[in-house]
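So the structure is just underneath, and the comments pick up after that.
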Amino acid sequence: MKKGLTVPFYALIAASLLFCCAAGALAANQYEAAMARWSRHEDYRDDIGSTFSVKATLYTADYIEGYMQSEAEKNLWTASELEDFKYNFLNSVKAEEYLPIYLELNELGPTAHMAPFDEMIHLWVGGKKYAPVEYDHRFNFPLQGKRDGMVYFPKYDEKTGAPILNKGTTLRLVMVSGASPVLGSSEVRINWDVKPENFETSTAGAAAARLEIDRLLKRMEKITGEKAELETQLGDKNREIDEINARIDELRRN
């Protein structure tokens, strides 16, 4: 009797393992699909066969969450470990402060000279053009072969602190024709259709909330500095007004 029960028991274990593997593979495919939605790849070729390839990945909340969950699946992280990793990753890519784009270039042909790089690339948000706020300065070096790095564009208005994305729009990443000899007179143009919620990482857990606090503290520090400067200017103006009034009174007495 015991021997007869052994086969179904091991069969049940094997079936459970197969089910878990299948579920894990399905989840991994879902994460990979979420990540792939935000990657764009463009290839350019000139008349003599030289090529210039550009791959740009927009780090949306959807992409970051897919990447986080994919890493958690591979490393069997606990929820706490995942939040710690997410905080460190978001902090490294500055997703709460900027619109981060991971750029991969491959120049197979004449050397590309892209310095200064912030004049070679820009981002259109709706009808407004933005230059990079920060970027990997290796992009300034002459390029032969592969190079990759981050490029950061504004996420908030510099003066008001309000998000520059307040409705659905198209983000267009443009590299000018001078970025590579292979481009000739052409520009690199890469588009993403986005909505504000694509970047709402502040609702994605404790890690994103910590980063939102970091951003607000930085904003508060900036505003406090501006306030102190304005108060100094106001004090100077008040002293000037007092001096003018004193001079007027003096002249009237004479």
Legend entry - Short side-chain to backbone donor-acceptor contact, Glu119 and Pro116, under 3.5 Å: no

Inset, instruction - Look only at the side chain of Arg189 and the backbone of Ser186, and say whether a donor-acceptor pair between them is shorter than 3.5 Å. - result: no

Inset, instruction - State the NZ-CG distance between Lys227 and Leu234, to the nearest 0.5 angstrom. - result: 11.5 Å

Inset, instruction - Kindly give the heavy-atom pair with the smallest separation between Pro110 and Ser50, and that separation in Å. - result: CD-OG, 3.4 Å

Legend entry - Transitive ILVMFWY side-chain link Phe153 to Ile164, under 4.5 Å: yes

Legend entry - More than 12 heavy atoms from other groups under 6.0 Å of CG on Asp47: no

Inset, instruction - Just say parallel, tilted or perpendicular for the rings of Trp124 and His122, cut-offs at 30° and 60°. - result: perpendicular

Legend entry - Thr57 and Trp38 side chains, donor-acceptor separation under 3.5 Å: no

Legend entry - Results of side-chain contact (heavy atoms from CB on, under 4.5 Å) for Lys218 - residues two or more places apart only: Glu97

Inset, instruction - For Asn198 and Asp193, work out which heavy atoms get closest and say how close. - result: OD1-O, 4.4 Å

Inset, instruction - State whether a side-chain donor-acceptor pair under 3.5 Å links Asn191 with Thr170. - result: no

Inset, instruction - Report the distance from atom CH2 of Trp77 to atom CG of Asp84, rounding to the nearest 0.5 Å. - result: 10.0 Å

Inset, instruction - With the side chain counted from C-beta on, respond yes when Val54 and His41 share a heavy-atom pair under 4.5 Å apart, and no when they do not. - result: no

Inset, instruction - Please report the closest heavy-atom contact between Met150 and Pro100, naming both atoms and the distance. - result: CE-CB, 3.7 Å

Inset, instruction - Check whether any side-chain heavy atom of Ile64 sits under 4.5 Å from a side-chain heavy atom of Leu90, and report yes or no. - result: yes

Inset, instruction - Using a 4.5 Å cut-off on heavy atoms from C-beta on, say whether the side chain of Val174 contacts that of Val188. - result: no

Inset, instruction - With side chain to side chain contact (heavy atoms under 4.5 Å, CB included) as the test, would you mind laying out the steps for Ile101 and Trp192 before giving the verdict? - result: CA-CA 11 Å; Ile101 296 176; Trp192 296 274; 4.1 Å; yes

Legend entry - Gln233, CD atom: more than 12 neighbouring heavy atoms under 6.0 Å: yes

Inset, instruction - Could you grab the distance from atom CZ of Phe89 to atom CE of Met68, nearest 0.5 Å is fine? - result: 4.5 Å

Legend entry - pair Met114-Leu105: side-chain heavy atoms closer than 4.5 Å: yes

Legend entry - Nearest heavy atoms of Gly149 and Asp136, plus distance in Å: CA-OD2, 3.8 Å

Legend entry - Backbone of Gly66 reached by a side-chain donor or acceptor of Ser70 within 3.5 Å: no

Legend entry - pair Thr51-Asp43: side-chain heavy atoms closer than 4.5 Å: no

Inset, instruction - State, yes or no, whether a side-chain contact exists between Lys155 and Tyr130 at a heavy-atom distance under 4.5 Å. - result: no

Legend entry - Residue pairs passing the ring pair (Phe, Tyr, Trp, His ring centres under 6.0 Å) test where at least one lies in residues 92-118, sequence neighbours excluded: Tyr98-Tyr152, Phe117-Tyr135, Phe117-Phe139

Inset, instruction - Taking only Lys NZ, Arg NE, NH1 and NH2, and the carboxylate oxygens of Asp or Glu, determine whether Glu107 and Arg147 approach each other closer than 4.0 Å. - result: no

Inset, instruction - Show the numbers, then the answer: is there a salt bridge (charged side-chain N to carboxylate O under 4.0 Å, His left out) between Arg247 and Glu250? - result: CA-CA 5 Å; Arg247 178 58 176 162; Glu250 181 183 353; 3.3 Å; yes

Legend entry - Residue pair Leu123 / Leu99, side-chain heavy-atom distance below 4.5 Å: yes

Inset, instruction - Give a yes-or-no answer on whether the side chains of Ser177 and Glu187 include a donor-acceptor pair shorter than 3.5 Å. - result: no

Inset, instruction - Measure the NZ-CD distance between Lys55 and Glu42 for me, rounded to the nearest 0.5 Å. - result: 12.5 Å

Legend entry - Approximate separation, where rounding is to 0.5 Å, of Asp214 CG and Asn91 CG: 6.5 Å

Legend entry - Thr169 side chain vs Leu165 backbone, donor-acceptor pair below 3.5 Å: no

Inset, instruction - Could you grab the distance from atom OG1 of Thr111 to atom CG of Leu143, nearest 0.5 Å is fine? - result: 8.0 Å

Inset, instruction - Report yes if some heavy atom in the side chain of Pro154 is under 4.5 Å from a heavy atom in the side chain of Glu158; otherwise report no. - result: no

Inset, instruction - Over all heavy atoms of both residues, which pair between Gly168 and Pro196 is shortest? Give the atoms and the distance, please. - result: N-CD, 3.9 Å

Legend entry - Single-linkage hydrophobic cluster, 4.5 Å side-chain cutoff, Leu171 and Tyr156 together: no

Legend entry - Between Gln69 and Glu73: side-chain donor-acceptor atoms closer than 3.5 Å: no

Inset, instruction - For residues Leu173 and Ala56, report the shortest heavy-atom separation together with the two atoms involved. - result: CD2-CB, 3.9 Å

